[in-house]
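For reference, the structure discussed in these notes is given below.
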Amino acid sequence: MATIELNIYNLVNFQSIPPDWPGGFWWHWLFFTVVIIGFVLTMVMGVIYIERRGMARMQSRLGPNRTGPFGLLQPVADAIKVLLKENIVPDAADKLIHWLAPVVAFAPALMIFAVVPFGNGVLLADLNVGILYVVAISSVSTVGIFMAGWGSSNKYSLLGAMRNVAAVVSYEIPLVLAIVGVVLISGSLSLNQMVVAQDVPFILLQPLGFLLFFAAGCAEINRSPFDLMEADSEIVAGFHTEYSGMKFAMFYLVEYAEAVAISAIIATLFLGGWRGPILPPWLWFVVKVIIVFFAMVWTRTTLPRIRIDQLMAFAWKFLFPMSLFNLFITALQVLAGWPTELVWAMIIVNFAVMAILVLVWSKLFFKLGRGRIEV
Amino acid sequence: MGMVVSFWILAAVGIIAALGVVLLRNVFRAALSLILCFLIVAGLYVTLSADFLAAVQILVYVGAISVLIILAIMMTREVAQGSPNSRFQIPAFIVAILFLEVLVLTLINTPWPVSSMPPTAPTTAALANSLFGEGGYLLSVEIAAVLLLSAILGAVVLAREK
Amino acid sequence: MAVRTEPFVLNMGPVHPSTHGVFRMRVTLDGEVVVDIEPIFGYLHRGIEKLAEQRTYTGIIPLTDRLDYISSMSNNFAYCLAVEKLAGIKVPERAEYIRVIIAELQRVAALLIAVGAFLNDCGAFFTPFLYMFRERERIVDLFEMVSGQRLTYNYMRVGGVSQDLPDEFMPALRKFMNMMPRFMAEYDRLLVQNEILIARAKGVGILTGEQAINCSASGPVLRASGVKWDIRKADPYSIYDRFDFAIPTQTTGDCYDRYRQRVEETRQSLHIIRQAMEQIPSGPVRAELPQLIRPPAGEAYAHIEAPKGELGFYLVSDNSIAPYRCHIRPPSLINLTALRDMVRGWKIADLIIIFGSIDITVGEIDR
Amino acid sequence: MTVSLSGKEVALKIEGEFPGSLVESSQENLVVKSDHLLDAARFLKETDGLDFDYLNFVTAVDYYDHFEVSYMLSSLEHNHCLTVKTRCYDRENPVLPSVVGLWQGADFQEREIYDLFGITFEGHPNLKRIFLWAGFEGHPLRKDFI
C-alpha cells in the first residue's frame, strides 16, 4: 500500500513533506485541506470586516459596530442572514448551470491555497510548477462567472459576463509576464522556493513587476477601479444580479476568497511570504496578506471606475508593453548575475527604471487619447 | 492501483464529457462539457506525471480557448433553443465515420512502446532543456512565435474597419 | 469587412441603482454602444398639478416640497414668488434675506448631492457621495433649526417665511460657512486632478450651447455649455440684484464641465450667503395677510434659478381661494430633452455618467 | 431684468407679416390663431430684434369651452420674453401644430399636454403618453375629469 501512496506522491511531485509527519501523506493531505478551508473562511470574514470598517473610516462614517465587540461578529450575522434567505431562481434561467455556477467559481479560489506556503514547507502541495498552477487554476473561476452570467438569462448578467471575458483574457497576459520576472530571479516555479529565495523581498528587486501584478491582479478579481464586471451603477451587479440566498453567499465568498488569494500570492511573490523576524511565519504571512488587501480597499474607496474600452486599452497599451520591458530588463540583469551579487545596484536601477517608464509611458498613454478606443 | 483507479475515473468522465460536446443540443452546455473535457485531459497529464503540461493545458485551453468559444456563443442569438438541424447532417456523418475509422486503424496498428524509465520528477527543467538547451528546438520555437505574431497582426488588420 | 451585429434592447430601470429614483430608459445597444434611448416616465406621477387645483394657495406649499425633494426650499420659494406676483404682495425685507440665505444653502446642499451622485455613477465607491452628505447634513441641521423638518421643510409662506430664524441659527451658520472652504478644498484634492475621472468624463456627452438653448436646458447644464444665463442675474427676483456674484461658465459642455460647473456654483452661493449674512436687517418676517389668499383673476409666471435650473410656477387665478390652474416648469424634465442626442454613440457606462451629470430628481419629472 | 415685451407691439409686427393671424393682443401676451401658430412662432424665432431662441415652457389651461395653450418665449441675447397663446375650441379632438421643429425643448412638454389634456400636436415626432400608461382613459388635467 505504501508504495502506491509514494507513487501518487511522486506523480504530483511533492518536493518537501514534513518527514516526521505521523501517518505520512494522507494525514498531511487531510490536515492541510482542513487548515486551508478554515483559513480561507476565517480570512474572508476577517477581510470583509476590515473592508467594511476601513472603508467606513475612510468615508467618515462608522461602519458596522453593533454585533459583538467592535462589530466583529457582523460577517457572521451577515452570513446567517444571507443563508436564511429565500433562494430565487429566475423562471427563464438555465437551472442546472445557474445552480452549478457558484460551485465552479468557488472551487478554484480555494484550490489556489494548495500551493501557498504558510511557513517553510508548510503547505498542502509544494508543486514545482506552483505559480503556473496558480495562474491556471485562477483562470478556471472565469468559467463559473460565465455560467452565472449565461444561466441567469438576464441581460445585465450577460453584459457583466461578457465584460469579464474581455477583461480576463486581456489581463492574464500582463499578469503572467509580471510573474515571469520573479521566476527569473528566484529560478523556480515553486512558491515555497520563491519565498526561500527572497532574502530581499522581491518588491524591491521588481518594483515595476509588483505594480503590474497588483494592477492586473485587481482587474482579474474585479476589484476597483477595474470592477466593471459587477459595476453596480451600470449593470446592477453584473453576473450575480440574479443570485440570492445561499448561492449569492457563495459568490460573495468567491469574491473575497479571490481577493485573499491574490493578496496571498502578492505577499508570497513580492513581500517575502512567511519570512520575517520574531513573529511566527504564519502570522507574518497573515499580516502581509492583510496589508495587501488593505491597499486594495484603499484604492476601492478612492478611485472611480474606468470604462470597458479604457480597461482594455490599459491592459494592452500600458500594462502589456510595460511588462515586456520589465521582463527584458530583468532578463538582462539575471544574465549579468545581479540578483546574487549586485543586489543593491539592482534595487536602485529597477526603481529608477520603474519611475522613468511609468512617467514616460503614462504621458504616451495619454497621448493615445487617454486610453479611448474610438467607437 | 491508485493510478489505475484515477485513470479509469478520468477516462470515463472524459468520454462522457466528449459525448456531451457532440450530443448536447444546448450549445452553451456543449461548450461547458468541452471545458470539462479539457480539464480531464489535464488530469490525465497529471497521471502521466506531466505536471507542467497539465498546468499549461488548463491555462491555455480552459483559461483562454474555451473562454473565447463561450464568448462567441454568448454573442449568438437564441442558443438556448438548441441548434437547428443542419443540411450538412449526412455528409458530416460520413466524414466523421471516415475520420473515426482512420483513428481506430492508427490506434490499432501503432506499436505503443512502454518506457521502463521512471518518470522525471520535475518536468519543467527537462522540458526547458529539450526545447531551449543544446540540440533543442530553439529555432522551431522562434519560428512558431513569429508565425503567431503574424497571425495576430493579420487578425488585427482584418478586424479593423476602414 | 464590417462586423455585422444585432441591436440588443436593455430596460434600464425603473429599479436600477443609477437612475436616481424610479426612472426607466429603454436602451438599444449594439454591443456596449448605445444606439438609441427612450426615457419612460411616470413611475412617480402623483398629479400634483391636479391636486393643486383643489387646495388653497397656502395648502399647496407642502405639495411643492414633494416636487424636487432634494431642494424643497427652492420649490417653496418659487411657488411663493408666483403667488406674490399674482396677488401683488410685498414681502418684508428681513424675510427676503432669510429666503435668499435659505435658498442658497439649499442650492449648496442640492449641488453637493448632484456632484456626489455623479461621482457615484462614475464608480467611485460612495466616498465622494458620503463626503458630500457629511456637509449636506450640516445644512439640513440648519434647516431643521428653522423649520423643524429635515427633508420636506414647508418653511416659506406667501408673503414671507413661517417663522423668524432662531437665535442659535446665525452662530451655527457662521460656523458652517467657516468650515466650507476647507471642505471644498478637500473635494478638489480628491477629485479635480483624478486621472480616472478626467478620462471618464472629459469629452463625454458633449452638449453644445446651441443645442442646449434649443432644448430649453437650464441651470448648470446650460451654463456648462458656455451660455451665460442665470435667472438670478438675467431676471433678478427677490433681492438678488443687491448681491455681488459671478456666473461661472464652462466651455465644452461635457460631463466634466457640468461637474466643474456645479462646484463653481457652490462657491458663488457661499459668496452670496456671506453677503446676505452681513446685510440682514431685523424686522417682521411675514407680511400681514388674510387667512385665505384670494388673488385677483389673472395669471402669473414666476421663475427662479433652482439648483437644477429654471423652476417656474405658472398660476392662473379665477379669484377664488384655490388656483384655477397651477403649472410647474420642471427643470429636471426639460433638461432631459437633450439626453438622447447626448448619449447616442457612447457606451453604456457613459450613458450612466451623462445621465448622472444632468442631475434629475424623479419627483420633479413626474410630479 | 428680463423685459417683458408688449404683446401689442409684437402683434403689430406679426400682423404685418401674416395678416389675420391674431385673435387678440394685450400688454402681457398675444393670442395667435391656431392655424397660424407655426408661422408666427417661426417669425418670432427668426426675426432680427426678436430672436426668441429659448422656450421657457409650454402649458395648457382648460377653460371648459376651449383650451388655451401658452408658450413662454425668451431671447437670451436681448434678454426679453413674451407669452404667446393659442386657443383650441374642439373638445373632442383638439389639434394644434407642434413646435418641436423650432424648439426641441417642447418635446416632453407637448407630450405631457397630450397626455394630461388630450391635445394632439401634429408633427410631433413621438407623440405618446408620457406619465400615464397607454390604456388610461381620460385626461386628468381637464376640468371635467373627476
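In the text below, chain A, chain B and the rest are named by the order of the sequence lines, each starting its count at 1.
Using a 4.5 Å cut-off between heavy atoms, C:L333 touches chain D through backbone and side chain atoms alike. For D:L116, the part lying near chain C is the side chain, with the backbone staying farther off; criterion is any non-hydrogen pair under 4.5 Å. Looking at D:N56, both its backbone and its side chain come within 4.5 Å of chain C, counting heavy atoms on both sides. Heavy atoms closer than 4.5 Å to chain C are found in both the backbone and the side chain of D:L76. Interface remark: C:E49 contributes backbone and side-chain atoms alike to the contact with chain D (heavy atom separation under 4.5 Å). In this structure, chain D has a heavy atom under 4.5 Å from the side chain of C:Y314, while its backbone stays farther away.
Chain D is approached within less than 4.5 Å, heavy atom to heavy atom, by C:I365, C:D366, C:R367 from residues 358-367 of chain C, ordered by number.
Interface check for chain D: of the options C:A217, C:P330, C:G47, the most heavy-atom pairs under 4.5 Å are formed by C:A217. For the set D:T59, D:N79, D:V100, D:D107, the entry with the most heavy-atom pairs within less than 4.5 Å of chain C is D:T59. Considering only heavy-atom pairs separated by less than 4.5 Å from chain C, the leading option among D:C81, D:A60, D:A106, D:G105 is D:G105. The candidate from D:W133, D:W103, D:F131, D:F145 with the greatest count of non-hydrogen atom pairs under 4.5 Å with chain C is D:F131.
Atom CD of D:E122 has 12 or fewer neighbouring heavy atoms from other residues, nucleotides or ligands inside a 6.0 Å radius. By the neighbour-count criterion of 12 heavy atoms within 6.0 Å, atom CD of C:E38 is densely surrounded, having more than that number from other residues, nucleotides or ligands.
Side-chain rings of D:F117 and D:H139 stay apart, their centers remaining 6.0 Å or farther from each other. Ring to ring, C:F313 and C:Y301 are not that close: their centroids are 6.0 angstrom or more apart. Checked against the 6.0 Å centroid criterion, the rings of C:Y324 and D:Y63 qualify as a close aromatic pair.
At least one side-chain heavy atom of D:T120 sits under 4.5 Å from a side-chain heavy atom of D:Y114. In this structure the side chain of C:I304 reaches within 4.5 angstrom of the side chain of C:S74, judged on heavy atoms.
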